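To keep things clear, I will list the structure first and then write my remarks on it.
No hydrogens, no waters, no symmetry mates; every other heavy atom, side chains included, goes into these values. In what follows, every chain begins at residue 1, and chains take the letters A, B, ... in the order their sequences are listed. Computed from a prediction, not measured in an experiment: that's the story for all the values here.
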Amino acid sequence: MDFKEHITDKLTELTGLDRETVSAAMETPPDEKLGDLAFPCFPLAKVMRKAPPLIAQELASKLSADDLIDKVDAVGGYLNFFFNRSVFISDTVSAAMDAGNSWGSADIGRGKTVLVEYSSPNIAKPFHIGHLFSTAIGNSLARIYKFLGYDVQSLNHLGDWGTQFGKLICAYKRWGDPEIIEKDPINELLKIYVKFHEEAEKDPSLEDEAREYFKKLEDGDEEATSLWKHFRDLSLVEFNRVYDMLGVKFDSYNGEAFYSDKMDEVVRLLDEKGLLVESEGAKVVDLSDMDMPPCIILKSDGATIYATRDIAAALYRHRTYSFYKNIYVVGLPQSLHFRQIFETMRRAGWEWSKDCVHVGFGLVKLPGKNMSTRHGDVIFLEDVLNESIEKTRAIIEKNNSAVDDIDAVSKKIGIGAVLYTFLKNSREKDIVFSWDTMLDFDGESAPYCMYGYARGKSILRRAEGIDYSKADLSKAVSDDAYTLVKQLAVFGDAVRDAAEKNEPFYVTRYVTNLVKLFNKFYNTNPIMREDVPEDVKKARLAIVDAVCTVIRSALALLGIDVVESM
RNA sequence: GCACCUGUAGCUCAGCUGGAUAGAGCACAAGAUUCCGAUUCUUGGUGCCGCAGGUUCGAAUCCUGUCAGGUGUGCCA
């Protein structure tokens with residue numbers, strides 16, 4: 001039985017308002033002592049020509065307690081409802097236990113395909129800490145949409161094309177040593193790439209040489225192509241090592257190169273629509289009426305540009321997947337670019353362009369400077385993950401914890417901790433990288449959440465043999481149990497909010513609060529102690545079981561694995 | 001210049017489709033375990049919600065202006 005619907009029904013009948021209005025007006029009081037659900041009477045004041053507090057009192061006097069509602073209070077202009085705690089706990093916990101891993105999930109996405117483009121590192125460049133932002137958010141969104149029943153395709157739009165490959169080939173031919181590169185590909189390639197930029201400052205003719213190499217690559221020159229493929233293969237091996245650590249999987253690695261032969265059509269289509277105008281030798285789409293600079297489609301030398309490529313990719317995805325949503329998890333600095341290409345696609349008459357959405361995120365900065373691949377100022381993601389894993393291991397060893405497999409456990413906690421710091425705040429905030437905050441396991445953190453889960457599982461292990469599946473949940477009623485179960489009930493809301501806003505951190509906050517309440521619960525409500533009556537024990541165990549399941553589900557949506565003990 | 005983002009406690013941030021005394025974590029201080037594992041829990045208090053106007057019964061939240069920081073701004077991605 002849904003408490004909110006029940007109350008909405010009653011109020012709808014009483015006020016004569018339509019159901020939607022009543023339901024939308026309902027809110028949760030700021031303090032639990034005030035009640036579980038509130039109906040503000042302010043909007044009624046105009047219609048009824050009475051003061052809100054008076055209306056609240058009148059309504060309160062006409063409402064009586066029933067099976068679901070314990071009490072109705074008028075406080076100021078608010079009408080506050082108190083649920084029957086026993087019924088609420090029983091209903092919620094048994095529903096959650098029945099649902100198990102699917103608690104909080106939905107099927108609102110059935111038959112709809114959501115594309116999530118994320119991570120998208122550049123070939124032959126290091127996978128640095130900045131890439132984790134896109135990877136963490138994208139992976140989490142993919143999992144969240146799946147949980148809601150959508151068919152999700154994870155797309156890794158690799159940066160595997162463009163003039164930087166000309167530079168790389170140029171640098172390789174001058175300074176590359178195949179043996180060293182074989183051993184440590186990305187570092188070596190980065191080294192010669194940085195060297196290229198240093199040398200090019202002294203000798204600008206290098207840039208021309210690089211352009212020529214890229215031209216060769218575009219023309220299908222055999223040597224250039226085989227080098228390109230070699231770089232790409234080496235890079236993917238390294239990237240996959242990191243993706244494996246993070247538990248990230250993609251359905252497609254079609255990058256920029258894949259679309260390089262699909263752009264002529266885009267140019268033709270845009271031209272047919274009469275969108276292309278000549279400007280300073282280039283072909284552009286004029287967007288000045290939208291306060292935007294023009295979207296360049298063909299450069300003055302006739303070559304295509306990334307806008308063209310991205311439009312070609314969007315068109316390809318529309319044809320291939322007929323998507324419900326096409327999400328780009330790409331840094332905020334590119335928001336103008338996306339506004340331009342989305343608008344261009346809209347003008348091309350592609351109504352599906354409205355389903356394309358740029359999910360931006362802030363910068364990861366180093367104290368005092370920005371990360372720059374060109375200057376080699378980067379922090380490797382793998383180093384951060386390994387550092388975090390080592391720190392975790394040290395803590396476990398110090399605590400002498402009884403852990404079966406310290407390697408696996410340290411890995412899950414260490415990586416979870418790093419992921420958590422990227423998913424704990426709204427994505428548009430910049431992050432200033434610091435080893436201290438990255439490895440801060442105190443307070444709101446992945447280890448905190450994982451510890452709560454491990455404690456819960458520890459209690460359940462002690463309870464082996466006790467059948468609490470048919471426990472009388474009314475025996476578990478207490479303030480802390482009630483608050484906890486209320487949080488249990490709103491998991492699905494948090495997931496839906498996260499999807500609607502494309503903000504994984506709603507789930508992060510949700511699970512952190514759940515764990516907080518759970519810690520309090522088992523601190524104040526003893527479970528396996530001897531003096532706890534059997535029926536109370538069973539009821540509390542049922543709650544612990546349901547909570548553990550939800551902690552695991554929620555963390556999984558963030559890409560974080562739980563551990564049974566730590 | 002123009003566009004977008006940000007400005008809330010000492011620090012890092014929630015809250016922003018207007019609503020009841022503005023909340024967390026960190027840091028700081030004091031306490032709790034005859035224990036179901038202390039990576040736990042409890043208790044402490046701090047805010048010109050950048051500033052100024054406006055709309056409203058009511059504004060951290062909406063509108064306008066303004067200041068500060070960041071990002072972007074035609075042939076890189």
Check every atom of [options] against the side chain of [X] and return the nucleotide holding the closest atom.
X      : options             : value
A/E27  : B/C35, B/A20, B/G74 : B/A20
A/S426 : B/C75, B/A20, B/C13 : B/C13
A/F505 : B/C13, B/A77, B/G15 : B/G15
A/R462 : B/U71, B/A14, B/G37 : B/G37

Is [X] touching bases, backbone alone, or none of the nucleic acid, heavy atoms closer than 4.0 Å?
X      : result
A/N80  : base
A/I296 : base
A/A454 : base

Does [X] make a side-chain donor-acceptor contact with the base of [N], cut-off 3.5 Å?
X      : N     : value
A/N513 : B/A14 : no
A/S565 : B/G37 : no
A/S300 : B/C75 : yes

Produce the list of close N/O pairs, under 3.5 Å, pairing protein atoms with atoms of nucleotides 1-10 of chain B; give distances to one decimal.
unit_1 : atom_1 : unit_2 : atom_2 : d
B/A3   : O2'    : A/R339 : NH1    : 3.2
B/C5   : O3'    : A/E428 : OE1    : 3.2
B/U6   : O3'    : A/K429 : NZ     : 3.3
B/G7   : OP1    : A/K429 : NZ     : 3.4

Tell me if the centroids of the rings in A/F165 and A/Y213 come within less than 6.0 Å of each other.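 Between A/Y213 and A/F165, which both carry aromatic rings, the centre distance is not below 6.0 Å.
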Sub-3.5 Å pairs of nitrogen or oxygen atoms, protein against nucleotides 39-43 of chain B:
unit_1 : atom_1 : unit_2 : atom_2 : d
B/U40  : O3'    : A/N519 : ND2    : 3.2
B/U40  : O2'    : A/N523 : ND2    : 3.0
B/C41  : OP1    : A/Y448 : OH     : 2.6
B/C41  : OP1    : A/N519 : ND2    : 3.4
B/C41  : O4'    : A/N523 : ND2    : 3.2

Hey, what's the ring geometry for A/F258 with A/Y316, parallel, tilted or perpendicular (30° and 60° as the breaks)?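 A/F258 vs A/Y316 ring planes: perpendicular.
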Treat a base pair as Watson-Crick or G-U wobble with both distances under 3.5 Å, then lay out RNA chain B in dot-bracket form, 5' to 3', with | for cross-strand pairs. (((((((..((((.....[...)))).(((((.......))))).....(((((..]....))))))))))))....
Could you give the distance from CD (A/Q340) to CD1 (A/I297), rounded to the nearest 0.5 Å?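 One gets 9.0 Å once the value is rounded to the nearest 0.5 Å.
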